Amino acid sequence: MAKDLTTREKDYAQWYQDLVTKADLAEHSDVRGCMVIKPYGYAIWENMRDVLDRMFKATGHVNAYFPLFVPKSFLEKEEGHAEGFAKECAVVTHYRLKNDPDNPGKLMVDPESKLEEELIVRPTSEAIIWNTYRGWIQSYRDLPLLINQWANVVRWEMRTRLFLRTTEFLWQEGHTAHSTKAEAIEETERMLHVYADFVENYMGVPVIKGIKTASERFAGAEETYCIEALMQDGKALQAGTSHFLGQNFAKAFDVQFANKEGKLEYVWATSWGVSTRLMGALVMSHSDDNGLVLPPRLAPTQVVIVPIYRTDEERARIAERVAEIEKELAMRGIRVKFDNRDTHRPGWKFAEYELRGVPLRIGIGPKDLEANQVELARRDTLTKGTVSQIGLADHIEKLLHEIQHNLFAQAEARRTASSHYVNTWDEFNAALDKGGFVYAHWDGTAETEQKIKEKTKATIRCIPLNNPQEAGQCILTGNASVQRVVFARAY
RNA sequence: CGGGAUGUAGCGAAGUUGGUAUCGCACCUGCUUUGGGAGCAGGGGAUCGCUGGUUCGAGUCCAGUCAUCCCGACCA
């Protein structure tokens, strides 16, 4: 076990906190509920962002940037939207400070600088964007409008946790406008599949694709699609959402277009987003009591090379050989780092890179130079052995693929083992206590959903897409049901 | 916002009936080390969250205040 790292078994929440800070991903700032994302954590986020950005562009989207501030009157235009976010908004009321005459050296808000209309720090950007779109859309020829924004948003949450829920967080939000309902729904679903593709194939985290129940829906949406992942402690995490907004925002902001017949119609909308919360999902899906375990496709460093030497002469000889290995790996696009620092000993470096989740580690010393071999250690399985320097780059390339697949396979196996199909209330409670996804019948009413939540703290994570239809009885009321839905306790 | 707890060096902690602050990690210097978080020796670093009060004297007692964490309700 890594030094000073709480084990998962002892205290999963503490393990997560320890890991995020000790692996140097992020730390609490001195600002309430806000974190500092440190360079190593930010490097992982940058990799995520870059991959997603390519995927968005490959599906026809372009990036733009909208204001941080939303005038209050914009936010209140879409009623459901306003209600949903009103309780967690940071509000700017003044624009100036001045020296406090009663407290030398202190500043105070200048009461004369009160804003005529308050500005809301965006909790999400539908309002400001749809207000802008009114000026951009006149004709069916202006559609579809496929725009994404990388931004920070603020939601004044009561309680925060690094990456999973912070007052300010980074995300992307796509906001698209379409001429037909069918096309907007198609877009909503397309982006859900993009998210699922990313989370499964890059992060190595299996997800359930589904739709939210009415009570879990995004404020202002007609339908919310989501991907749901399962963490190692058996709790679910919503990893991304894609919303079909209908004509709600077009009507609220009066965005109409002339169709081919010259008649005015309201525009159809979607919005979709993933956030730095994905960092939390990444950590909680694969990591162990020795530290972080990163999937090769997102790891800032995929292979680290640690030299082992006694003399300067040995160190120089190793560096010479390592330069060749580095070159061969770099030619294959593998992100490699040679840690030739003389300020830390090899054992220290081994532990450090393990904690940081670097997928592969090469150890190379005098006896390896002699035998034309290296020591190769895998982070995911914690196994190591000696391999020949001949064909090393090929071997490593294959291993990185294997590790990527292995992480997904392990996560999927865990999820399968933690997926329970139950038919009675007792079975339902027993399954929830074991943790995981619980597939159970529900009578389809919000009242029942609410009662189950109050009794068990479990929520309906989603109704899976292409959900098998099957007659059954609601676990709480016994009323007729046509399908199972996915329950879980969630983050 | 309700319930509970905690603020002492960069981090984690100790500090007795009130007497001017201690330990571990980290940091700096030197030597020996280097194939799983090195050893020894020496060294630097704290107006004890903040404000006020009691006292000859406050980390310690009292009052106020701010902040953070945990458990709830809310949530990407």
Side-chain angles (χ1 to χ4, degrees), chain A residues 1-6 11 13-14 17-18 21-22 27-34 83-89 103 123-124 151-173 195 212 215-219 221 224 226-229 236-243 271-281 290-291 306-312 314-315 318 340-356 361-371 373-377 382 384 386 453-454 457 459 490-491:
Chain A
M1 189 192 79
K3 202 171 148 191
D4 303 327
L5 187 60
T6 306
D11 186 343
Q14 190 59 47
Q17 296 269 12
D18 283 359
T21 52
K22 289 183 198 305
E27 65 186 30
H28 282 111
S29 72
D30 288 335
V31 184
R32 179 199 177 281
C34 296
E83 251 185 63
F85 285 102
K87 286 173 291 184
E88 51 189 51
C89 287
N103 286 299
T124 179
N152 57 339
V153 288
V154 167
R155 294 182 189 176
W156 214 264
E157 303 286 357
M158 293 287 116
R159 267 175 60 205
T160 59
R161 291 186 71 188
L162 292 171
F163 288 118
L164 296 175
R165 187 176 303 108
T166 46
T167 301
E168 179 192 13
F169 56 94
L170 305 184
W171 77 345
Q172 59 69 218
E173 45 182 329
Y195 287 154
K212 288 289 185 192
S215 55
E216 297 275 332
R217 212 172 269 158
F218 176 77
T224 288
C226 64
I227 50 174
E228 292 286 327
L237 183 78
Q238 180 174 302
T241 47
S242 184
H243 314 290
S271 71
W272 28 274
V274 294
S275 72
T276 35
R277 173 179 253 202
L278 288 180
M279 293 284 294
N290 294 292
V306 177
I308 297 137
Y309 54 85
R310 289 162 197 275
T311 64
D312 285 346
E314 277 178 1
R315 189 181 179 205
I318 291 166
N340 200 20
R341 285 180 296 176
D342 199 27
T343 49
H344 296 278
R345 300 165 74 257
W348 187 91
K349 292 178 185 173
F350 292 169
E352 181 70 7
Y353 291 110
E354 217 157 82
L355 181 60
R356 286 170 170 256
R361 185 188 72 232
I362 291 174
I364 181 165
K367 69 184 183 195
D368 297 309
L369 286 182
E370 199 92 358
Q373 65 185 27
V374 298
E375 183 188 76
L376 191 57
L382 290 170
K384 63 181 179 182
T386 51
K453 186 177 174 181
E454 281 164 15
K457 291 179 194 160
T459 49
Y491 277 99

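So you know, we letter chains A, B, ... as the sequences are listed, proteins then strands, and number each from 1. Because the structure is predicted, anything quoted here is derived from the model rather than measured.
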Walk me through whether A:Asp11 and A:Thr6 qualify under side-chain hydrogen bond (donor to acceptor under 3.5 Å, both in side chains). CA-CA 7 Å; A:Asp11 186 343; A:Thr6 306; over 6 Å; no
Quick one: on RNA chain B, does A:Gly33 or A:Phe218 contact a more 5' nucleotide (nearest heavy atom)? A:Gly33
Closest heavy-atom contact between A:Pro123 and A:Phe85? CB-CD2, 3.8 Å
In terms of relative ring orientation, are A:Phe218 and A:His243 parallel, tilted or perpendicular, with 30° and 60° separating the classes? parallel
Judged by atom type as modelled, is there a donor-acceptor pair below 3.5 Å linking the side chain of A:Thr276 to the main-chain atoms of A:Phe169? no
OP1 or OP2 of B:rC69 less than 4.0 angstrom from a side-chain nitrogen or oxygen of A:Gln17, does that happen here? no
What is the nucleic acid contact for A:Ser275, judged by heavy atoms within less than 4.0 Å: base, sugar-phosphate only, or nothing? base
Roughly how far apart, to the nearest Å, are B:rG15 and B:rU8 at atom P? 14 Å
Could you tell me whether A:Thr166 contacts a base, only the sugar-phosphate backbone, or nothing, with contacts defined as non-hydrogen atoms closer than 4.0 Å? base
Atom pair distance, as rounded to whole Å: OH in A:Tyr195 and P in B:rA76: 14 Å
Counting heavy atoms from C-beta on, name the nucleotide in B:rA76, B:rG35, B:rC69 closest to the side chain of A:Pro366. B:rG35
Consider the side chain of A:Leu355, meaning its heavy atoms from C-beta on, and name the nucleotide among B:rG37, B:rG36, B:rG72 that approaches it most closely. B:rG37
A:Tyr309 side chain to A:Ile364 main-chain N or O, any donor-acceptor pair under 3.5 Å? no
Taking only the P atom of each, what is the distance from B:rC40 to B:rA26 in whole angstrom? 12 Å
Where the side chain of A:Lys457 is defined as all heavy atoms beyond and including C-beta, which of B:rA76, B:rC69, B:rG72 is the nearest nucleotide? B:rG72
As a test of the definition: with a 90° window around 0 for syn, would you call B:rU34 syn or anti? anti
So, does A:Arg155 use its side chain to make a donor-acceptor pair with the main chain of A:Glu88 at under 3.5 Å? no
Could you check how far CZ of A:Arg341 sits from P of B:rG37, rounded to whole Å? 16 Å
Could you state the CZ-P distance from A:Arg315 to B:rG35, rounded to the nearest angstrom? 15 Å
So what's B:rC23 paired with, Watson-Crick or G-U wobble, going by both distances under 3.5 Å? B:rG12
Counting distance only, does the side-chain N/O of A:Lys384 pair as donor-acceptor with the main-chain N or O of A:Arg361 below 3.5 Å? no
If you measure from the P atom in B:rC62 to the same atom in B:rC70, how many Å do you get, rounded? 28 Å
Contact nearer the 5' end of RNA chain B, comparing A:Tyr309 with A:Ala239: A:Tyr309
Roughly how many Å is it from CG in A:Asp312 to C1' in B:rU33, rounded to a whole number? 14 Å
Rounded to whole Å, please give me the gap between CD1 in A:Ile308 and P in B:rA38. 13 Å
In whole Å, measure the gap between the P atoms of B:rC50 and B:rU34 for me. 47 Å
A:Gln238, nearest nucleotide to its side chain (from B:rG35, B:rA76, B:rG37): B:rA76
Watson-Crick/G-U partner (both atom distances under 3.5 Å) of B:rA38: B:rU32
Partner of B:rU55 under the Watson-Crick or G-U wobble criteria, both distances under 3.5 Å, comes out as none
Which value, in whole Å, describes the distance between the C1' atoms of nucleotides B:rC61 and B:rG57? 13 Å
side-chain N/O A:Arg345 vs B:rG35 OP1/OP2, d < 4.0 Å: yes
Could you please name the option among B:rA76, B:rG36, B:rU34 that lies closest to any side-chain atom of A:Pro346? B:rU34
Please state the C1' separation for the pair B:rG18 and B:rC48 - nearest whole angstrom. 15 Å
Contact class for A:Leu278 vs. all strands (heavy atom < 4.0 Å): base, sugar-phosphate, or nothing? nothing
Tell me if a side-chain donor or acceptor on A:Arg277 pairs with a main-chain N or O of A:Gln238 at a distance below 3.5 Å. yes
What is the distance, to the nearest angstrom, from the CG atom on A:Leu5 to the P atom on B:rC11? 19 Å
Base, sugar-phosphate, or nothing: which does A:Gly273 touch, judged by heavy atoms less than 4.0 Å apart? nothing
Please tell me which of the listed nucleotides, B:rG37, B:rG35, B:rU34, lies nearest to the side chain of A:Arg310? B:rU34
Which nucleotide in B:rC69, B:rA76, B:rG35 has an atom nearest any side-chain atom of A:Lys367: B:rG35
Distance between the C1' atoms of B:rG44 and B:rG53, in whole angstroms? 36 Å
Same-atom distance (P) from B:rU60 to B:rU51, integer angstrom: 13 Å
Mark this stacking check for A:Phe169 against B:rA76 as yes or no, applying ring centres under 5.5 Å and ring planes under 30°. yes
B:rA38 P sits how many Å from A:Trp348 CH2, rounded? 10 Å
Opposite nucleotide pairing with B:rC1, Watson-Crick or G-U, both atom distances under 3.5 Å: B:rG72
Pairing partner of B:rG7 (Watson-Crick or G-U wobble, both distances under 3.5 Å): B:rC66
For A:Arg161 and B:rC74, give me the distance from atom CZ to atom P, rounded to whole Å. 17 Å
State which of B:rA76, B:rG37, B:rG36 makes the closest approach to the side chain of A:Glu352. B:rG37
Can you check whether any acceptor in the base of B:rG35 is under 3.5 Å from a donor in the side chain of A:Lys349, or vice versa? no
